[in-house]
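Accompanying notes for the structure given below.
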Amino acid sequence: MDIALWFAAVGAPGSFWDSPSNVSGVVVLGFGLAAIMLSFGLAKVFKRFNGVAWMVLGAGVAISAYGIWRMGG
């Protein structure tokens with residue numbers, strides 16, 4: 001399947017996907033959200049938020065903020 005059809009399936013207008021910074025912002029935002037989910041998974045495994053889970057959560061929030069900033073620029 002063509003990548004343009006995948007982008008069209010998301011429902012965002014085509015002009016949004018024409019900008020490389022928007023595409024990279026969405027990819028970075030996805031990585032940030034994955035890191036946030038990983039931190040909650042680590043907290044569940046350790047039965048509490050320990051230092052590692054807090055660091056991964058902080059990194060996920062920072063990566064997500066950078067992705068949102070990339071999309072806004």
Side-chain angles (χ1 to χ4, degrees):
M1 183 177 252
D2 190 27
I3 192 117
L5 293 176
W6 283 100
F7 288 150
V10 173
S15 61
F16 177 83
W17 300 109
D18 288 340
S19 172
S21 66
N22 287 344
V23 175
S24 67
V26 169
V27 171
V28 169
L29 180 62
F31 280 116
L33 292 176
I36 291 170
M37 290 299 158
L38 177 65
S39 72
F40 285 113
L42 287 171
K44 189 172 184 175
V45 167
F46 293 131
K47 306 282 191 249
R48 63 184 176 91
F49 263 94
N50 61 359
V52 174
W54 280 113
M55 285 190 302
V56 173
L57 179 65
V61 169
I63 293 168
S64 297
Y66 177 69
I68 292 170
W69 177 76
R70 290 278 300 173
M71 286 187 289

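Everything quoted here is computed from the prediction, not taken from an experiment.
- A pairwise comparison of heavy atoms in A53 and S39 identifies O-CB, 3.5 Å as the closest pair.
- V27 and M71 fall into different hydrophobic clusters, where Ile, Leu, Val, Met, Phe, Trp and Tyr side chains are chained together by heavy-atom contacts under 4.5 Å.
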Check residues 56-66 and write down every donor-acceptor pair under 3.5 Å in which the side-chain atom is one partner and the other belongs to a residue at least two apart or another chain.
from: S64; atom 1: OG; to: G60; atom 2: O; distance (Å): 2.9

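- Considering CG of L42 and CE of M55, their distance stands at 10.0 Å, rounded to 0.5 Å.
- Every pair passing ring pair (Phe, Tyr, Trp, His ring centres under 6.0 Å) that includes a residue from residues 27-46 is listed here, sequence neighbours excluded: F40-F49.
- The CZ atom of R70 sits 12.5 Å away from atom CG of L29, with the distance rounded to the nearest 0.5 Å.
- When the side chains of ILVMFWY residues are joined at heavy-atom separations under 4.5 Å, either directly or via intervening members, W54 and L33 end up in a single hydrophobic cluster.
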